Each structure stands twice: as structure tokens, then as C-alpha cells.
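The structure under discussion appears below in the form of C-alpha cells.
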Amino acid sequence: MTRTRHRLRCAVAAAAAVAAAWGATAAAAGPAGAAARSGSTTTASTPLPPELEAVRAAEATRLYGDPAERPLADRRTGLISLGDSEISGEGVGTYEAGTDGPGNWCHRSPDAAIHRTGIPADVTYNVSCSGAYTGNIVIGGSKQYADELVQSDNLAIKARNTRIKMIVLVVGANDDLQFGPVMTDCVERWVLLRGACRPTYEGGWQARVDGLVPKVEKTVRDLRTVMSDAGYGTDGYKLVVMGYPSPIGPDIYDNPDFPGKLPGGCAGYDSDAAWGRNVAVPVFERGMRKAAADTGAVYLDNSRLFHGHEVCSENTWARGLFIDLSHFPPDANSVRQSFHPNTRGHAAFASCLTQIYDSGLREASCADPASTGQPVLRPFAWDDVFKPLRNEATGTCVDVPASVTRNNTKIAGWGCHGGRNQGWWYDAGTKTIRTQLSHDRCLDVPGADYRAGATLIVWNCSGAANQQFVRESGTVRPAASTGLCLTLAAAEDPLKLQVCDGTAKQRFA
């Protein structure tokens with residue numbers, strides 16, 4: 001995800017100076033691991049080309065003491081991740097020898113998610129590489145560096161030497177989307193005061209996603225072919241396509257310890273951060289979801305996983321703008337670690353992967369809805385649970401004005417349009433009502449001031465009593481004061497508390 005443009009060198013140098021100044025297939029349908037424990041779904045493998053067979057034999061010797069390809073039941077178990085910088089460990093800061101330049105910038109970290117799951121396995125493999133696109137993974141694809149294998153070839157070797165239980169694929173950002181260069185351009189525009197990047201990219205963003213979907217689908221199908229050639233049946237392993245979270249968001253100023261954009265590494269225009277969270281990442285997520293559905297892969301939606309943990313937020317799970325001054329003069333590699341998951345982000349990935357492996361689900365989403373720092377898995381995509389709250393009397397919907405989710409934003413009615421700022425999820429378990437814009441923002445009675453006329457707001461989800469509501473006969477009431485009802489007195493009025501009177505202005509569907 002870090003393939004950046006050479007022309008950015010001058011902008012990177014400027015940022016450095018300023019910074020210095022500031023000091024396949026879904027075995028998911030059945031019980032997790034059931035097929036993996038059985039050798040009945042494998043057949044003899046197809047012989048590898050001589051050059052790959054030599055690598056396989058050498059790896060087998062290191063694993064077992066001799067080069068033989070063993071029966072499945074006699075092998076050690078393994079997990080493997082393929083893809084780009086999002087899963088390689090780029091951004092963690094510690095990297096395996098030989099992957100931190102100058103001839104190889106794969107930036108594989110020993111703290112990457114695949115090495116930290118709770119899934120029982122004897123060995124874990126991370127063959128992903130920063131900057132990879134689908135052409136570096138597919139059968140017959142191209143090597144990124146001279147000392148690297150095509151990632152599907154690496155899988156072919158590992159699948160013959162170990163009993164692969166799960167394959168994790170994270171790819172697509174470096175194809176048509178060019179997510180890394182877009183992010184870099186947005187930062188460059190802010191540094192050089194050239195205006196927001198959103199107008200440049202918004203119009204063509206859907207077309208970019210549409211372009212990458214078939215490439216991701218081909219990659220998944222090729223990985224299935226690799227596993228079939230290695231002797232695996234379709235129910236002998238899990239192939240998980242994992243989506244990308246948004247590393248940035250617009251609510252940074254609510255962090256009581258907000259350090260400032262440049263020191264905190266969240267350089268960029270607020271409008272671009274909002275567009276990234278509210279539009280760009282959701283469109284990307286829908287494309288990845290389609291690719292997984294079309295190929296029968298397990299899909300893990302992580303698009304909301306970093307909500308409340310974005311760069312410059314509290315307990316951030318992503319690394320912000322980072323300039324490695326050990327590379328001088330500054331070039332594209334000086335900033336490649338920016339806007340990637342940090343070690344806490346990879347811990348969150350690992351938790352989500354463990355949960356989806358154990359769940360038996362074909363599609364699930366992972367987020368931190370209770371703001372506890374502990375990701376929670378939910379069946380299907382998160383966006384499926386968000387619905388509008390339409391007022392029976394006015395016909396308008398409960399709306400987050402202008403999609404602003406800063407603390408203390410007052411909620412009001414507005415004409416229903418299906419936008420994300422009118423989507424709400426009532427979580428019956430916690431009794432909270434969350435905006436579709438961010439899992440980290442909840443409907444809130446400010447100051448627990450339970451009185452007629454109090455206006456509802458959004459605020460950091462905290463689990464406090466003033467963020468708990470009950471639904472009763474179409475009404476929504478504070479759990480701590482059930483004699484009051486959410487009320488829209490007129491179409492575009494603020495959403496207020498009023499004494500429950502049974503009228504349509506207090507009923508929501």
C-alpha cells in the first residue's frame with residue numbers, strides 16, 4: 001500500500017524539515033478447524049518446477065531434517081498471510097532482516113498479525129510485501145524484488161511442507177485504487193497549502209474500485225488453484241479476504257491529548273479525513289466484499305476496526321506521518337511507513353482473525369463498539385445493521401448534520417436520503433444508539449440532563465447511563481428516565497426530549 005510517486009521527494013523533504021523544526025474457499029460453513037483436522041480432503045500434489053522444488057526441499061529439511069514431502073497428517077500445521085503492506089507489518093517499526101532496504105522493502109514485521117493470532121499452529125508464514133499488487137501474487141505473476149518469490153509460489157511451497165489451516169489475503173490497495181499515492185498526495189497538498197485532495201479523487205473513486213475487484217477475484221481463484229495443485233480439497237483450509245480499516249478520521253480534536261497535526265502525524269485537511277472515513281473506505285469495503293462473495297472466500301470486514309483509534313486519536317492503532325531521516329536525501333522510502341497499522345493495530349487484526357477462524361462464518365465484521373480496545377466480531381457486514389430512524393409525524397429522519405461527528409454535535413431531523421449520517425444502530429446488548437459514520441460516536445443526553453427540552457447530541461461512546469436507551473412501542477426513551485421520549489416537533493427541528501404523550505412526533509420506524 002506504499003507505492004508512492006517519485007515526484008513527491010520535494011514534498012517529503014519539506015515535511016521532514018517542518019517535522020524537525022517541531023522536534024480458498026470457505027471451510028467456514030462448518031465447525032472451525034474440522035476439515036483441517038482431517039486428511040480426507042487432500043490428494044497427491046502436482047510436482048513443482050525444479051527451481052521451486054529446490055526451495056521446497058530446503059525448507060522441508062529445515063523443518064523436519066530431510067527434504068521429503070510428507071503426508072498431510074504427518075506435517076506441522078501452518079498459517080500464512082499474503083498481500084501488501086497492510087498485513088506485512090509496514091508501520092510497526094521492527095522488521096525481519098533483509099526486508100528493511102536497501103534492496104528489499106517488503107517490511108515484514110515479526111509483530112505482524114499472522115504471528116499473533118490465537119489459532120493453534122506450529123508455524124506461521126508472512127510472505128506479504130509492502131507495495132504488492134495482485135500481479136505480485138497471482139500464478140505466473142512478477143517478483144517484487146530479486147530475492148523474493150511470487151507470493152503464490154511461496155504459498156505452493158508452504159502448502160506442500162505444512163498443513164495450512166488458514167490463508168489471509170489483503171490486497172487491492174495498490175491496484176487501480178493506488179491508495180498509497182492518494183494518501184501521499186493528500187498529505188503533500190496540506191503541507192504545501194494547495195487545498196484538499198477530495199475534489200480530485202472523489203468523482204472517479206467508484207470506478208477505481210470497480211477496476212480492482214476482478215483483479216482481486218482472479219487472485220483468490222489462483223490461490224485456490226495453488227491449494228488444489230498442492231493436494232488440498234476445498235474444505236481443507238480457510239481462505240480469508242480481509243478488508244482495510246481507515247487510518248484517519250475527522251474527530252481528532254476530541255482527543256484531550258491532541259498533540260497537533262504535524263507532531264501527531266495526522267497531517268491533512270479535515271475534509272479529506274472525513275471523506276476517507278465516510279466515503280473512500282466504505283466504497284473500497286463494498287468492492288472487497290463483492291470480490292470475496294463472488295469467489296466464495298471468507299470475508300472479514302475491518303473497515304470500522306480503527307474507529308476511535310485513528311491517527312491522532314486516543315490509543316491510536318495506526319502510525320501517522322513518519323519520516324525516516326536515516327534515508328537522506330529523503331525519498332519515497334522515507335515515508336513508506338506512514339498511515340499503516342502499528343503494533344496495536346496488528347494485535348487488533350490478530351484478534352479479529354482468531355475470532356473469524358473460530359466462528360465458522362463466511363462473512364463477518366470486526367470493530368470496537370464498546371470502545372474498550374477489544375475488537376468484537378459480528379456476523380455479516382456492519383453496515384447491514386444500520387437503519388434510518390424515520391419520524392412518523394414529520395416523515396423526516398434523525399440526522400447527524402453535515403456528517404460532523406465531533407463531540408457535542410446536536411442531532412436534528414432532515415429529509416430522508418439514505419446517507420450514512422442518517423444510519424443508526426440500536427445495540428440491544430448495550431442499549432446504545434450508534435451513528436453509521438463512526439462506531440465510536442453514540443447518541444447522548446448531554447450531562448445526563450433528563451428534562452423536557454434537552455437536545456440530543458453525539459459523543460464518544462462510553463457506556464455511561466446517559467447513552468443508554470430503550471425502545472418501546474415505536475418510541476425511544478432514555479433508560480434512566482423512561483417518562484421522556486425522543487421527539488421531532490417539526491421536520492428539521494433538533495431532536496429533543498419531551499414528556500411522552502403518545503403522539504406520532506415521538507414514534508420512529
Side-chain angles (χ1 to χ4, degrees), residues 1-2 79 81-96 99 106-119 124 126 128-132 168-174 179-180 183 240-249 251-252 255 259 264-266 268 273 276-277 280-281 284-285 288 300-322 335-356 364-377 382 438-440:
M1 201 162 87
T2 53
L79 312 173
S81 59
L82 301 90
D84 58 29
S85 57
E86 191 71 12
I87 198 67
S88 74
E90 178 80 271
V92 170
T94 56
Y95 305 108
E96 296 174 7
T99 69
C106 281
H107 271 173
R108 297 189 186 106
S109 175
D111 293 320
I114 198 67
H115 302 310
R116 302 168 66 186
T117 74
I119 304 167
T124 53
N126 179 8
S128 56
C129 184
S130 178
V168 179
L169 175 66
V170 184
V171 72
N174 294 323
F179 198 85
M183 285 286 296
V240 179
V241 173
M242 190 178 90
Y244 297 74
S246 175
I248 58 173
D251 300 326
I252 54 178
N255 178 1
C266 51
R277 186 195 68 181
V281 168
F284 189 17
E285 180 273 324
M288 297 296 287
L300 176 58
D301 173 14
N302 277 344
S303 60
R304 294 174 169 272
L305 182 59
F306 286 11
H307 282 190
H309 301 289
E310 299 98 336
V311 177
C312 285
S313 297
E314 301 167 77
N315 187 25
T316 179
W317 289 356
R319 192 172 203 168
L321 177 62
F322 176 82
V335 294
R336 65 184 304 126
Q337 298 184 63
S338 304
F339 304 109
H340 285 86
N342 58 24
T343 185
R344 292 185 296 275
H346 275 272
F349 285 168
S351 173
C352 296
L353 288 167
T354 303
Q355 292 179 67
I356 198 167
S365 307
C366 210
D368 181 19
S371 299
T372 62
Q374 301 298 319
V376 175
L377 193 77
W382 277 110
S438 175
H439 261 80
D440 195 46

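The structure presented is a predicted model; accordingly, all values stated were derived computationally and were not measured. Nothing fancy with the numbering, it's 1 onward along the sequence.
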All heavy atoms of F306 vs all of P341, minimum pair found to be CZ-CB, 4.0 Å
Hits for side chain to side chain donor-acceptor pair (under 3.5 Å) against T99, two or more places apart or cross-chain, chain-then-number order -> none
- Query: For the side chain of E310 and the backbone of G308, is there at least one donor-acceptor N/O pair under 3.5 Å apart?
  - Reply: yes
Tightest non-hydrogen contact, residues S88 and C129, listed as CB-N, 4.1 Å
Between Q355 and L377 (side chain of the first, backbone of the second, donor and acceptor by atom type, cut-off under 3.5 Å), is there such a pair?
yes
Value for CG (L321) from OG (S338), rounded to nearest 0.5 Å, stands at 4.5 Å
Q) Can you tell if the side chain of P110 reaches within under 4.5 Å of the side chain of E96, non-hydrogen atoms only? A) yes
Heavy-atom closest pair (L82 atom, I87 atom, distance to 0.1 Å) is O-CG2, 3.8 Å
Value for SG (C352) from CG (L300), rounded to nearest 0.5 Å, stands at 5.5 Å
Do the non-hydrogen side-chain atoms of P375 and L305 ever get within less than 4.5 Å of each other? yes
Hits for side chain to side chain donor-acceptor pair (under 3.5 Å) against R108, two or more places apart or cross-chain, chain-then-number order -> E148
Main-chain N/O of A350 paired with T117 side-chain donor or acceptor, under 3.5 Å: no
Value for CZ (F284) from CZ (F179), rounded to nearest 0.5 Å, stands at 7.5 Å
Residues passing the side chain to side chain donor-acceptor pair (under 3.5 Å) test with N126, sequence neighbours excluded, are S81, S128
Item checked: Under 3.5 Å donor-acceptor, R116 side chain and T343 backbone -> yes
Do the side-chain N and O atoms of H115 and T124 include a donor-acceptor pair separated by under 3.5 angstrom? yes
D440 meets the side chain to side chain donor-acceptor pair (under 3.5 Å) criterion, sequence neighbours left out, with S371
The side-chain contact (heavy atoms from CB on, under 4.5 Å) partners of H309 (sequence neighbours excluded) come to N315, W317, D368
Of R304, E86, R277, H307, the one forming a side chain to side chain contact (heavy atoms under 4.5 Å, CB included) with P245 is E86
Minimal heavy-atom distance between V281 and S246, with the atoms involved, is CG2-CB, 3.6 Å
Tightest non-hydrogen contact, residues T94 and D111, listed as OG1-OD2, 3.5 Å
Sorted by chain and residue number, the ring-ring contact (aromatic ring centres under 6.0 Å, His included) partners of H439 (sequence neighbours excluded) come out as W382, F386, W425
| Do H346 and S109 have side chains that get closer than 4.5 Å, going by heavy atoms? | no
Check step by step if side-chain contact (heavy atoms from CB on, under 4.5 Å) holds for E90 and Y95. CA-CA 8 Å; E90 178 80 271; Y95 305 108; 3.7 Å; yes
In short, C312 meets I252 closest at the heavy-atom pair CB-CG2, 3.6 Å
